[in-house]
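Just so you know, residue 1 is the first one in the sequence shown, and it goes up from there. Read the numbers this way: they start at 1 and go in the same order the structure lists the ligands and their atoms.
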Amino acid sequence: MTAKIINGKDIAAKKKIEIAQEVKQLKAKGVTPGLAVILVGNNHASRTYVTNKQKTCEELGMYSILIEMPEETTEEELLTKIKGLNGDTKIHGILVQLPLPKQIDEKKVIEAIAPEKDVDGFHPINIGRMLTGQNAFLPCTPYGIMVLLEESGISLSGKHAVVVGRSNIVGKPVGQLLLNHNATVTYCHSKTKDLPFHTKQADILIAAVGIPNFITAEHVKEGAVVIDVGINRNEEGKLCGDVAFNEVSEIAGFITPVPKGVGPMTITMLMYNTVQSAKQSIE
Ligand code: GUN
């Protein structure tokens with residue numbers, strides 16, 4: 001069996017057309033959705049992500065600003081900047097690129113963002129709303145995964161989803177969203193004993209561990225849906241996921257590649273959330 005490839009780039013392109021249409025409609029009403037991205041310090045990967053976010057805003061006709069702050073920025077300086085953006089009516093979404101330099105408390109920063117502008121979906125209020133099934137900004141990568149599953153016609157109700165990884169950004173929230181869609185959810189992590197025993201039971205397997213080629217054929221049930229959230233570099237410096245793609249695609253029913261899998265969906269859902277925020281600002 002050879003798995004069907006879930007092409008995140010194509011699905012993202014389709015979603016972006018819909019989002020651009022919404023941007024147009026909002027502009028006709030006098031509102032241009034605006035995103036502020038704050039980049040603190042010199043993290044190379046962060047700079048690449050931020051540049052891509054800016055480019056996508058432009059492509060969709062949105063307004064965006066990039067605020068660059070030096071590595072030695074104090075927590076207070078960053079909090080003051082966020083307060084200013086909370087009150088800026090041209091800005092509907094605020095994203096502080098993580099990780100932050102060590103002198104800054106990430107939790108304090110996330111809590112300083114007005115929940116109605118928290119398009120990353122990281123604020124405890126949005127997390128709590130998501131947990132209780134209320135209207136909330138959903139974190140972009142987990143949300144993107146849900147869209148990939150939906151667009152691929154994969155039903156979730158009663159399915160066993162196994163999430164490998166328990167980060168606040170991906171693992172924990174994606175499990176919650178799967179649960180909200182009536183999947184039976186198992187979380188696995190670095191302390192899990194006999195990982196293949198658990199992952200072999202998965203109808204839907206989410207790999208979000210950040211270790212190249214960690215999930216191999218021995219972890220996967222025949223016909224399973226395998227979602228690879230990893231963005232790693234292998235020994236040759238080539239981009240690769242958490243899943244050993246070649247061997248797992250022989251067994252899985254569906255699989256996301258890296259690149260062109262989950263990655264393009266993250267930025268797309270950020271744009272989607274920003275547009276929803278702009279819409280809500282005039283409701
Ligand atoms: N760093 C890695 N992923 C993300 C993300 O989704 N949002 C933010 N703000 N920082 C990140």
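From Ile94, atom CD1 reaches atom CD1 of Ile113 across 6.0 Å, with rounding to the nearest 0.5 Å.
In terms of polar-atom proximity, defined here as any N/O pair under 3.5 Å, Phe122 makes no such contact with ligand 1. Checked against a 3.5 angstrom limit, the closest N/O atoms of Lys53 and ligand 1 fall outside it. Taking only nitrogen or oxygen atoms, main chain and side chain alike, Pro99 does not reach within less than 3.5 Å of ligand 1.
Close contacts between ligand 1 and Val96 involve ligand atoms 8 (C), 9 (N) [criterion: under 4.0 Å to a heavy atom]. For ligand 1, the atoms closer than 4.0 angstrom to any heavy atom of Leu95 are 9 (N).
Thr266 places none of its side-chain heavy atoms less than 4.5 Å from the side chain of Tyr49.
Nearest non-hydrogen protein atom to atom 3 (N) of ligand 1 is Ile169 CD1, 4.4 Å. Ranking the protein heavy atoms by distance from atom 4 (C) of ligand 1 puts Gln97 NE2, 4.2 Å first. The closest protein non-hydrogen atom to atom 10 (N) of ligand 1 is Leu98 N, 3.0 Å.
Nearest heavy-atom pair across Asn42 and Glu71 is N-OE1, 3.2 Å. Heavy atoms only, all atoms of each residue included: Gly61 and Lys27 are closest at O-NZ, 2.7 Å.
For the 3.5 Å distance criterion, the side chains of Lys55 and Thr51 fail to qualify, holding no donor opposite an acceptor.
One finds a salt bridge joining Lys15 and Glu151 here, because a Lys/Arg side-chain nitrogen approaches an Asp/Glu carboxylate oxygen to under 4.0 Å. Remark: Glu58 does not engage Lys53 in a salt bridge, criterion side-chain N to carboxylate O under 4.0 Å.
In the candidate list Ile38, Ile110, Asp120, Asp120 is nearest to atom 6 (O) of ligand 1, counting heavy atoms.
Residue contacts with ligand 1 leave out Thr141, since none of its heavy atoms falls under 4.0 Å from the ligand. Residue contacts with ligand 1 leave out Tyr49, since none of its heavy atoms falls under 4.0 Å from the ligand.
A centroid separation of 6.0 Å or more is found between the aromatic rings of Tyr143 and Phe137.
At a heavy-atom cutoff of 4.0 Å, ligand 1 is contacted by no atom of Leu270, backbone or side chain.
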